[in-house]
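What follows is one structure encoded as structure tokens, with my remarks underneath.
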Amino acid sequence: RLLVAIAFAFALTNTAFAQSPPKEPASSTVFDTVTHWLTVLGEKTENILAPRFGHIGDAGKSPWDGLTARARQIEESKPVRPTCTVAITRDIGEGVVRVTTSDDPVVRVRVKATVGAEQAEAAQDLADQVKLQLDSPPSMERVDIKLTGPSPQEKTKIAIKLDYEVTVPAGANVICKNEWGDTEISGVTGSVEIDSRFGAIDLRNIGGPVRARAWGEFPLRASQLRQGGTFELQGTQGEFANVSGALKISNFMGSVAVRELPAETELDVTSESGPIELWIPENATPEISASAAFGTIASDVQLEQSKRGDLVIARGGAAGSKQRLSLHASFNTIAIHREGVKPQEPAQVREGGEFVVQNIEQSLEIPQGAEIAIKAAVGDVTVTASDSPLAVVRAELMVQMRSNANAQAAIEALSVQAQLVDGRAMLTTAVRDNMEALGCTRYAIRLDIRCPRTSPLKLIADSGFTTV
């Protein structure tokens, strides 16, 4: 998963380009909020990150390293009313919550509890201590699902994974709190309420209204929501498709993408320090209102744009349409695409003194167990595991020039090297010349690296987004 704290710091640049420092901005709620987030993250480090990943010196280690795992299955069921409320709480260890439906007026719960300890006997004893509770009043209108976890001896190293499989009546309402893991809910015709921390969310074919809160740089995918919903997101990559009714989305330092707009919809999206992308059906005629503070608006649909200081305002479409779209971004972009419209061919980069791009690829055979050390100068870095013994480095070198006279020299000033040094694989990018003197206003080296999944990894990145 992504390192959220790194994303916070890098997202403030709003770009992966190196630039001259901007003038000091006036204080704003966005920067105040970032400061608050980082403070809270620091305060919670010992309670959240250390037990989960170990201390900083333990980077790269799994919490299960050195432990013996023991697992057991726990199953319980409870008769309920077809339109009951099912409340699920998963707040111990990590794990997945998966909710599906049936036609039976019964709630069925299956939990796979996996516990790791330094001794096999201790692991089994701790796994046996996990208890599943299904609490329901005599009216059978609600069921509360929760687990009581093991009680290890003080200073005992353990790891816990609790995966829930929950089957509910199709007409049930679902409330789910998952504090460290993915959540999947499908086929529910009642309402859905989710509170998720550090995990992906997948919602499909939901008949009732949805209310969701998500924290962390993880994907949220919602499709076929027939009564819309409200989504409060922080750092989340939100993707929405075929959502009817009123859909309200607020996202801070994340992204929002909306596709497959139904004939009747009311969309309200606010994204601070994150992009908004919207796809409009080919023959749709929505009413559109958009604004971008310290950002831009690009649209395949004709809009009238005006500017007030650093605020761009755009309006257009068919007034009174049953598709009403309201989009608001800050410190990023709004892109409105028309489905079925072929995008314009990109401008020739050698003309007009703008962007010049060069792609290169290098590969290096990695000895078994050798460390891979990456030192990136400026630009995004994506590292993906593979089963090959080769490390494959794809680099996109990009410069923006005042004039193209020195474009080739600027490209050649961006260096990418992959070599074995003292048994380590060294992948390094660097800037070898005075870019400003060459007439270069912005530059970046974007890396896409595939490396053996068993190799230890050390990464230092000066700026940009880092994804491992």
Side-chain angles (χ1 to χ4, degrees), residues 1-6 41-76 88-98 109-133 145-166 177-184 196-200 215-218 366-372 383-387 451-459 467-468:
R1 301 289 186 175
L2 308 183
L3 295 179
V4 179
I6 293 175
L41 190 64
E43 292 172 349
K44 299 298 184 183
T45 296
E46 190 63 28
N47 294 329
I48 296 179
L49 296 183
R52 179 70 165 83
F53 295 114
H55 297 278
I56 297 299
D58 298 330
K61 295 183 179 179
S62 164
W64 297 84
D65 284 351
L67 301 182
T68 299
R70 290 293 182 265
R72 63 185 287 249
Q73 297 274 0
I74 313 170
E75 295 187 30
E76 295 285 349
I88 305 164
T89 301
R90 210 212 60 75
D91 56 2
I92 301 172
E94 61 180 312
V96 175
V97 175
R98 184 174 292 109
V109 183
R110 177 184 299 166
V111 175
K112 181 180 179 181
T114 307
V115 179
E118 293 172 323
Q119 302 294 330
E121 184 178 348
Q124 187 62 60
D125 179 62
L126 292 170
D128 291 339
Q129 292 179 31
V130 177
K131 304 298 181 184
L132 174 61
Q133 295 178 242
I145 302 170
K146 49 191 171 183
L147 288 177
T148 55
S151 301
Q153 296 180 354
E154 191 175 354
K155 297 183 179 180
T156 299
K157 181 183 176 183
I158 68 168
I160 303 173
K161 190 172 190 291
L162 305 173
D163 293 327
Y164 290 39
E165 296 276 355
V166 183
K177 181 179 181 181
N178 192 352
E179 292 200 352
W180 204 297
D182 299 346
T183 303
E184 303 172 14
S196 172
R197 299 287 189 272
F198 302 105
W215 199 99
E217 193 169 320
F218 295 83
I366 309 298
Q368 179 70 28
E371 180 184 78
I372 297 175
V383 182
T384 307
S386 76
D387 295 316
C451 62
R453 69 177 69 254
T454 58
S455 296
L457 177 66
K458 179 179 181 180
L459 192 152
T467 304
V468 179

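For reference, positions follow the sequence shown, starting with 1.
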Check whether any side-chain heavy atom of C451 lies under 4.5 Å from a side-chain heavy atom of V383, and answer yes or no.
yes
| query | So W215 and F198, would you call those rings parallel, tilted or perpendicular, with 30° and 60° as cut-offs? | reply | perpendicular
Is the count of non-hydrogen atoms from other residues, nucleotides or ligands lying under 6.0 Å from E75 atom CD greater than 12? yes
Task: Heavy-atom side-chain contact between T454 and Q368 under 4.5 Å - done: yes
Y164 (side chain) donor-acceptor with T183 (main chain) under 3.5 angstrom
no
| said: Quick one, I145 and T89 - any side-chain contact, counting heavy atoms below 4.5 Å? | reply: no
Task: V115 side chain reached by R70 side chain, heavy atoms, under 4.5 Å - done: no
Under a 3.5 Å distance rule, please check whether D163 uses its side chain to pair with a backbone N or O of G95 as donor and acceptor. no
Taken to the nearest 0.5 Å, the spacing of I74 CD1 from K112 NZ works out to 12.5 Å
In short, S196 meets G181 closest at the heavy-atom pair OG-O, 4.3 Å
In this structure, OG1 of T68 is separated from CD of Q119 (nearest 0.5 Å) by 7.0 Å
Is a donor on one side and an acceptor on the other found under 3.5 Å between the side chain of D182 and the backbone of A200? yes
Are any non-hydrogen side-chain atoms of D387 and R453 less than 4.5 angstrom apart? yes
Evaluate the side-chain contact (heavy atoms from CB on, under 4.5 Å) criterion for residues I160 and W180: first the C-alpha distance (whole Å), next the side-chain angles of each, then the deciding distance (0.1 Å), finally the verdict. CA-CA 11 Å; I160 303 173; W180 204 297; over 6 Å; no
Checklist entry - Counting only heavy atoms not in R197, do more than 12 fall under 6.0 Å of its CZ? => result yes
Just wondering, are more than 12 heavy atoms of other shown residues or ligands nearer than 6.0 Å to CD in Q73?
yes
TODO: Would you please test T148 and Q129 for side-chain contact (heavy atoms from CB on, under 4.5 Å) and show each step?
DONE: CA-CA 8 Å; T148 55; Q129 292 179 31; over 6 Å; no
**Q.** Beyond-backbone contact of R90 with K177, side-chain heavy atoms, under 4.5 angstrom
**A.** no
What one should report as the nearest heavy-atom pair of G369 and P456 is O-CD, 3.7 Å
Note: I92 and L162 closest approach over all heavy atoms is O-CD1, 3.7 Å
Rounding to 0.5 Å, atoms CZ (R98) and CD1 (I88) come to a distance of 12.0 Å
Between the OG atom in S455 and the CD1 atom in I372, the distance rounded to the nearest 0.5 Å is 4.0 Å
Is the shortest side-chain heavy-atom distance between L67 and E118 below 4.5 Å? yes
Sorted by chain and residue number, the side-chain hydrogen bond (donor to acceptor under 3.5 Å, both in side chains) partners of R72 (sequence neighbours excluded) come out as none
SB check K161 E94 (cutoff 4.0 Å): no
Smallest heavy-atom separation, A123 atom then G116 atom, equals CB-C, 4.4 Å
